[in-house]
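What follows is a short report on a single structure.
Positions are given from 1 along the sequence. Both counts, for ligands and for their atoms, begin at 1 and track the order of listing.
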Amino acid sequence: MSQPTAANTTAANCSPASEEARAESRYDLRTVAASAGVRADKAHRAVMPPLYLSATFAYEEVGKKPKFDYSRTNNPTRATLAEAIAELEGGAGAVVVSTGMAAVDLVFHILTADDLVVAPHDCYGGTRRLLNARAKRGDLYVKYANFSDPASFDEALAMGPKLVLVETPSNPLLRITDIEEVARKAHAAGALVAADNTFLSPVLQRPLDLGADIVIHSTTKYLNGHSDIVGGAVIGKTPELVEELAWWANCIGSTASAFDSWLTLRGIRTLHLRVAAQQENARLIAEALTTHPAVEKVYYPGLASHPGHDIAARQQKGFGGILSFELKGGLEAAKRFLDTLDIFSTAASVGGVESLACNPWSVTHAGIPEEERREAGITPGLVRLSLGVEAPEDILADIAAGLEAAEQKAAA
Ligand SMILES: *Cc1c(COP(=O)(O)O)cnc(C)c1O
């Protein structure tokens, strides 16, 4: 059993930063999720890790810094979560921060003003906004590339980036990037690789095993999985990277609260169970959608027709709980579909136990010029689904009712 709050935290707010800790987790991922921090409490032998809300911790001796001294720098509850996430991703350590965007931005802090970031042209909207804003201020340079087009990617790589950002599967079309190939090429060009693993979680994909140097999470999504906090994490492959990231998180003060960390740790206990149910629901819906007359196109990496199917089958342990599809009737059909759903909430975000549906055209991607949206394959009739853990038969019936409503409009 892991004893995460035990010794050897070498950097602020991170897990044991030793090569040995990374090299091998003694237990299966499911065991790690269920047992992280269990029996680590020395004060009362609490089985489950307690929530330490204290801002500050007393020195035993003048001048002798305790392991935990101030909660911005390091907090026992946050450290337990960081150790669990690091172990799940197979990293040397993790830094737990207040949001997914804080996690993305933390990675940019290891760059200098002369450094170039190569990012996917269809990366997460918040990431694109941040990259553009930081580039505009002169904090870094950014070059966007189509990671599905080797010519586009190689051209960007030839510009000599310090960091290559990968997001796979992409949002909302679930485009798949071959992490191993990107890492091989990026390393040959002298760049670090950071992979945003938010859409799959370590249960289904471990980017460090595929050659990435850094993993980014919006823990808001699958890791917490209950849509009741916003949070983020950055996992480093080496102790040096973890130490640098932890230094910055403490310096800028973006570390997560103890309470959010405690909730996220609680969520992680059932990560593998949730993901299995969500993925099964996604598979059933994807199959039902492919044969429905109201549907123009289905995007789900689990379908053999998906262009990234083979890569996904190789680098992932499953195809995930998110899919999108295009309705023949355009925006009007999408509205009818969404308005008819009963179980699904029409809301942004993904990865929770509750099923969500959204129209990327008018919600998550509304800020992008119309022309660019269409070019990226984001059409008015596109709907993204994030499947929850509800009963498959209820979800299927809800989708069928939505499609019937959408179809009436399409026919009209
Ligand atoms: C949600 C999300 C983020 C941002 O996370 P927040 O917790 O909302 O700040 C970053 N990347 C991806 C892929 C996301 O889905």
Side-chain angles (χ1 to χ4, degrees), residues 78 81 85 89 94-109 117 119-134 142 144 147 163-177 179 193-205 207 212 214-235 249 252 254-257 259-261 263-264 267-268 275 278 282 299 301 316 320-324 347-352 354 356-358 360 363-368 376 378 384-387:
R78 195 169 65 233
L81 173 63
I85 293 176
E89 284 288 1
V95 183
V96 175
V97 290
S98 56
T99 65
M101 286 320 304
V104 175
D105 200 39
L106 186 62
V107 175
F108 298 158
H109 276 79
V117 180
H121 68 134
D122 55 351
C123 65
Y124 179 73
T127 301
R128 195 175 167 119
R129 177 175 58 194
L130 175 63
L131 277 166
N132 289 345
R134 286 230 171 268
V142 62
Y144 295 105
F147 281 37
L163 180 75
V164 173
L165 200 61
V166 187
E167 234 184 84
T168 180
S170 71
N171 177 33
L173 299 181
L174 295 314
R175 182 190 43 72
I176 303 293
T177 298
I179 298 176
V193 175
D196 187 327
N197 202 26
T198 299
F199 266 37
L200 287 177
S201 94
V203 171
L204 299 180
Q205 177 170 273
I214 294 168
V215 174
I216 297 167
H217 272 285
S218 166
T219 56
T220 311
K221 317 294 168 55
Y222 285 100
L223 288 180
N224 177 59
H226 293 73
S227 304
D228 49 12
I229 62 112
V230 285
V234 183
I235 302 94
I252 62 180
S254 61
T255 47
S257 77
F259 186 61
D260 287 355
S261 301
L263 279 175
T264 306
I268 278 180
V275 167
Q278 287 162 316
Y299 300 91
Q316 301 174 196
I322 303 168
L323 63 89
S324 54
S349 198
V350 297
E354 78 295 359
L356 298 179
C358 88
V363 182
T364 51
H365 292 65
I368 302 169
I378 294 152
R384 184 188 71 190
L385 301 179
S386 169
L387 281 307

Inset, instruction - Report yes if the side chains of I235 and H217 come closer than 4.5 Å at any heavy-atom pair, otherwise no. - result: yes
Legend entry - Side chain proximity check, T219 to L81, heavy atoms < 4.5 angstrom: no
To the closest 0.5 Å, what do you measure between [atom1] ([X]) and [atom2] ([Y])?
X: S170; Y: H121; atom1: OG; atom2: NE2; answer: 8.0 Å
X: E167; Y: F199; atom1: CD; atom2: CZ; answer: 7.5 Å
X: L200; Y: T168; atom1: CG; atom2: OG1; answer: 7.0 Å

Inset, instruction - Classify the side-chain pair S386/R384 by whether it contains a donor and acceptor separated by less than 3.5 Å. - result: no
Please report which non-hydrogen protein atom sits nearest to [atom], along with the residue it belongs to and the distance in Å to one decimal place.
atom: atom 5 (O) of ligand 1; value: S218 OG, 3.0 Å
atom: atom 6 (P) of ligand 1; value: G100 N, 3.3 Å
atom: atom 15 (O) of ligand 1; value: K221 NZ, 2.8 Å
atom: atom 8 (O) of ligand 1; value: Y124 OH, 4.0 Å

Inset, instruction - Using the side-chain contact (heavy atoms from CB on, under 4.5 Å) rule, pick out the option among D260, T264, V96 that qualifies with R78. - result: V96
Inset, instruction - Run the numbers for me: atoms of ligand 1, each under 4.0 Å from some heavy atom of F199, listed by number. - result: 15 (O)
Legend entry - Atoms in ligand 1 flagged as close to G231, the criterion being non-hydrogen separation under 4.0 Å: 7 (O)
Give yes or no for whether the N/O distance cutoff of 3.5 Å, strictly under, is met between [X] and ligand 1.
X: M101; answer: yes
X: T220; answer: yes
X: D196; answer: yes

